[in-house]
Amino acid sequence: MRGRDRLDDAAAGAKDIGGSAGEFLKSAGRRTGSAAKQTPGALVRRFVARLIGSPEQQSTRFLIALIVISGFVGFIGVFFAASGAVSATASSGWLVRTFASVVTNFALYSVLAVIGAVVAINRWWDLAAGKTAEHTRYSKRTVKRFAAEVKSTDGSTRLIGNADHSEDELRAKLMRALAGQFTSETPDEDEQVEAVAPVETGYGLPDKAAIDERTAAATDADVDAEDVDPESSLEGLSLLAAKQVVRLRIGHLQAQLIANELEDHGYRADHGRPLPEVVETPDDATGETATIRDAAAVDDDTAELQSLGDAFAAFRRSVQTARMDIATSFNADEILWRFGMPALGTIFAAIVIAQTPWFAAWVYPVLIAIGVAVGATSYLTFKWRRRRAVRSLREEREPKRWRTCVTLAKRVETPEQTLFVAWMGGHVYADYDRHRLVRKVADRWHTRLQGDDVAPAIQEKFARNVRQMLPMLHQFEYGDAYEGRKAVMDDIITTVSEARDPDGMVPKFDLAEKVVECGEGIGHDPDIVAEVYEDMVPTVLTETDITVTDADGMPHDITAVHLRTMDIPDDLARIRAQFSNQFAVDNIDGYPLPDIPMPGGPQHLVAGTDDVTA
């Protein structure tokens, strides 16, 4: 029984194994058939996947494959080297030559130096941005973006201002642009005037009646044509119509002047010129006419001889005058250095080039002639340049006025801070306070349009600091000891204390300009100087009003500023102020400082007297 049971169990197990094998073969057949239908690329990928195995087995299989391949290559190499089939040694000459050519190639060094400099600069700025980000609340990306935005005008709004704009109008433009409510303007937008064809008259010039008609038509868009008088004022008209009327009137005035000049010269309105009257000669006067013509010919010959003699006399006088001028203005230094040295230098250079001082007899005059020519050319060039300089300096030139000036403005928004940037006349301004930036830029913009010098602004230093990865503008303004408010205070104290004309006193109208010029780089902001000065009076500085007289004997009140710690005698203050060039009335100019009331009223000194009033 037990044997039969074992046989039954074996049969059942074989049956199960057979069934499993059949199922395996069927599945294998299906997979083989499906694989036969796949593309070669799919078969390669499947083979690589099976070769690499699962992610858990990849590292082990890779190491095994590396061991097998490297061992096989090593075995083959050792076998061939041991059998002498190949030589195991070789010449290193090619490597040494290549290395020497690279080492001695200075052009390669230049290229590497340029590439290294660029990489070093970029890396330095990157490190600077990272250092700033570590010590401030700004992220590294914000620091680098602020620097990039200040360096580029991309995304800015174009604003056009002209001399007719007031400072308030320019300020309004900037406020709208920095608020994102303004689009870029196009050039000459305010100067577009409708072209008017001229009305021809007999002289080819505009006629007044036609101009009056055109004027009425030009102003019809603004006011009724019946109410417009061409000779009346331009009130009530728009800017476009007023400009057109003014141009038409100026054209008529020029036309009238030209017409009068033409009439004075005998031209008629029909473009003709009156012919001179012809006097008819009687037939019986032919002989007398011939005699007159012969006498006229003799007179012409005499006049020609006289003119030739006068020409020789004039030539002699001019030569004599030139000799006297040369004798009067003779300058031995100029002749020696501007004529003699170039001539001798040319001759010496020819001798050096030839490497011998001995030549044929005819060569020496040639060398001397060449030297004289070079020396004379040098002397004439020197004289011409000096005359040109004198003539250019004699010309009276009006200050340059900018009729139109473009300003670019944009705002840069980041999660930490919003930066406002403006470009005007080659200056870059940046600030976090939009209203303060608008006031500063509008003031400088209006100043430039009026043809005056543009004052420095602390916003220019802000822009420079932002470019240098230092966007801490508030800390710079109040904490910097070289260019901030502390530096302005130090420069004010130094300027007053070191004053020598007179000692320890500076006129108030001149103090701000002196302090502005003390600032490093672009100078101190005059507005900041005025604010710091207001904080220093009367705790540090003291004002004293002094009356001085000008060259005409007219009295003028000038405020003197001195340190509160300096005890300046009244007599010395009065005398020095009266005779000091710094307190001259003609020198009153510069940046204004605020009027600050002194406690108990300022002390008033009258120069040249002993009067002291409070």
Are the side chain of [X] and the backbone N or O of [Y] linked by a donor-acceptor pair below 3.5 Å?
{"X": "K410", "Y": "D154", "value": "yes"}
{"X": "T495", "Y": "D491", "value": "yes"}
{"X": "R411", "Y": "V421", "value": "no"}
{"X": "S497", "Y": "T494", "value": "yes"}
{"X": "T132", "Y": "M469", "value": "yes"}

In a table with atom names and distances, give each donor-acceptor pair under 3.5 Å that connects a side chain of residues 457-465 to protein atoms at least two apart or in another chain.
| from | atom 1 | to | atom 2 | distance (Å) |
| --- | --- | --- | --- | --- |
| Q459 | OE1 | K440 | NZ | 3.4 |
| Q459 | NE2 | D431 | OD2 | 3.0 |
| E460 | OE1 | H427 | ND1 | 2.9 |
| E460 | OE2 | A457 | N | 3.2 |
| K461 | NZ | G523 | O | 3.2 |
| R464 | NH1 | E483 | OE1 | 3.2 |
| R464 | NH1 | E483 | OE2 | 3.3 |
| R464 | NH2 | E483 | OE1 | 2.5 |

Donor-acceptor contacts under 3.5 Å from residues 117-130 side chains, at least two apart:
| from | atom 1 | to | atom 2 | distance (Å) |
| --- | --- | --- | --- | --- |
| N122 | ND2 | V118 | O | 3.2 |
| R123 | NH1 | D126 | OD2 | 3.2 |
| D126 | OD1 | K140 | NZ | 3.2 |
| D126 | OD1 | K144 | NZ | 3.1 |
| D126 | OD2 | K140 | NZ | 3.0 |

Looking at side-chain heavy atoms only, is the closest gap between [X] and [Y] below 4.5 Å?
{"X": "P456", "Y": "V516", "answer": "yes"}
{"X": "L419", "Y": "V466", "answer": "yes"}
{"X": "L541", "Y": "H562", "answer": "no"}

Whether over 12 other heavy atoms sit under 6.0 Å from R141 CZ: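 It does not: R141 CZ has 12 such atoms or fewer within range.
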
Between [Y] and [X], is there a salt bridge with N-O shorter than 4.0 Å?
{"X": "D452", "Y": "R448", "value": "no"}
{"X": "D168", "Y": "R439", "value": "no"}
{"X": "K173", "Y": "E169", "value": "no"}

The single option from V438, L170, L437 passing side-chain contact (heavy atoms from CB on, under 4.5 Å) against M175: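 Exactly one option meets the side-chain contact (heavy atoms from CB on, under 4.5 Å) with M175, and it is V438.
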
At what distance, to the nearest 0.5 angstrom, does CG of L408 lie from OH of Y429?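 Here the rounded value is 12.5 Å.
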
Is it the case that the side chains of E416 and S139 hold a donor-acceptor pair, with the cut-off being a distance below 3.5 Å and no angle test?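 Checked: S139/E416 side chains pair up, N/O donor to acceptor below 3.5 Å.
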
